[in-house]
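Notes follow once the structure below has been shown.
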Amino acid sequence: AETLQRRKRLSRAWAGVVVVWSLVRTAIVWAAVGDYGLNPWIYFALDLGAAIVDAFTTPRMVLAFIDDHYRQAVKWALISLTVFIIPDVYIFFGSRHLPKHIIIILCVIIGLTLAIGVYGVVRRIRKGRAERRLAQ
């Protein structure tokens, strides 16, 4: 029961972080590529929708990996990855011609945020598995 409550608290905290990050990210993207025809409201709607889905799928993916339910974990991982890239894809298709240096910067940022996200997920999975072993 205690583990379930802790998991619920962490899932809710993750949801809050993801939604706040969506707001911050929209402001940054708007400032960076708003002059190239990007509609910030469409981007925000896509990013917020993706954040809501991510807030639901990422904790389930982590918990499925911790509990050794790999088929479920992979399903949640694919959904998380898909919604992660949707707002970024809109940047490229929703704006007029972007200069090469902005494309490079965007790709680096996308790669870094993906790497940081994967690192964080792997870290949480390892920590969760270690806690599960200690509890047995």
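Reckoned from all heavy atoms, side chains included, excluding hydrogens, waters and symmetry mates. All figures in this text were calculated on a predicted structure; none of them were measured in a lab.
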>> Could you go through Tyr43 and Asp88, starting from their C-alpha distance and side-chain angles, then the distance that decides it, and tell me whether this counts as side-chain contact (heavy atoms from CB on, under 4.5 Å)?
In response: CA-CA 9 Å; Tyr43 179 83; Asp88 298 324; 4.2 Å; yes
> Partners of Asp54 by side chain to side chain donor-acceptor pair (under 3.5 Å), sequence neighbours excluded?
Replying inline: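 Once residues adjacent in sequence are excluded, the partners of Asp54 under the side chain to side chain donor-acceptor pair (under 3.5 Å) criterion are Thr58.
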> With ILVMFWY side chains joined below 4.5 Å, transitively, what does Leu48's cluster contain besides itself?
Replying inline: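 Traced through the cluster, Leu48 reaches Val19, Leu23, Phe44, Ile52.
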>> Clusters formed by hydrophobic residues whose side-chain heavy atoms approach within less than 4.5 Å: which one holds Val17, and what are its other members?
In response: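 Joined to Val17, directly or through intermediates: none.
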Indicate the atoms forming the closest heavy-atom contact of [X] with [Y], along with that distance.
X: Gly128; Y: Ile66; value: CA-CD1, 3.6 Å
X: Ser95; Y: Ile91; value: OG-O, 2.6 Å
X: Val83; Y: Ala50; value: O-CB, 3.2 Å

> Going by heavy atoms in the side chains, are Leu10 and Val62 under 4.5 Å from each other?
Replying inline: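 Of all side-chain heavy-atom pairs linking Val62 with Leu10, none is under 4.5 Å.
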> Does CZ belonging to Arg132 count more than 12 external heavy atoms closer than 6.0 Å?
Replying inline: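 Result for CZ/Arg132: enclosed.
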>> Tell me if the CZ atom of Arg129 is crowded by more than 12 foreign heavy atoms within 6.0 Å.
In response: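 More than 12 within 6.0 Å, yes.
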> Taking a hydrophobic cluster as the set of Ile, Leu, Val, Met, Phe, Trp and Tyr residues connected by side-chain heavy atoms closer than 4.5 Å, whether directly or through intermediates, do Tyr70 and Ile125 fall within one such cluster?
Replying inline: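 Both belong to a single hydrophobic cluster.
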Ignoring hydrogens and angles, write down the donor-acceptor pairs under 3.5 Å from the side chains of residues 32-42, residues two or more places apart or on other chains.
from  : atom 1 : to    : atom 2 : distance (Å)
Asn39 : OD1    : Trp41 : N      : 2.9
Asn39 : OD1    : Ile42 : N      : 3.3

> For residues 74-112, which residue pairs qualify under ring-ring contact (aromatic ring centres under 6.0 Å, His included), counting only residues two or more places apart or in two chains?
Replying inline: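 Passing the test, one end in residues 74-112: Phe56-Trp76.
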> Can you tell me how far CD1 of Ile79 sits from OG1 of Thr57, rounded to the nearest 0.5 angstrom?
Replying inline: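 Answer rounded to 0.5 Å: 6.5 Å.
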> At what distance, to the nearest 0.5 angstrom, does CG of Leu81 lie from CE of Met61?
Replying inline: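 Leu81 CG to Met61 CE: 9.5 Å, rounded to 0.5 Å.
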Quick one: side chains of residues 110-121, donor-acceptor pairs under 3.5 Å with protein atoms, not counting sequence neighbours, listed by atom name and distance.
from   : atom 1 : to     : atom 2 : distance (Å)
Thr113 : OG1    : Ile109 : O      : 3.0
Thr113 : OG1    : Ile110 : O      : 3.0

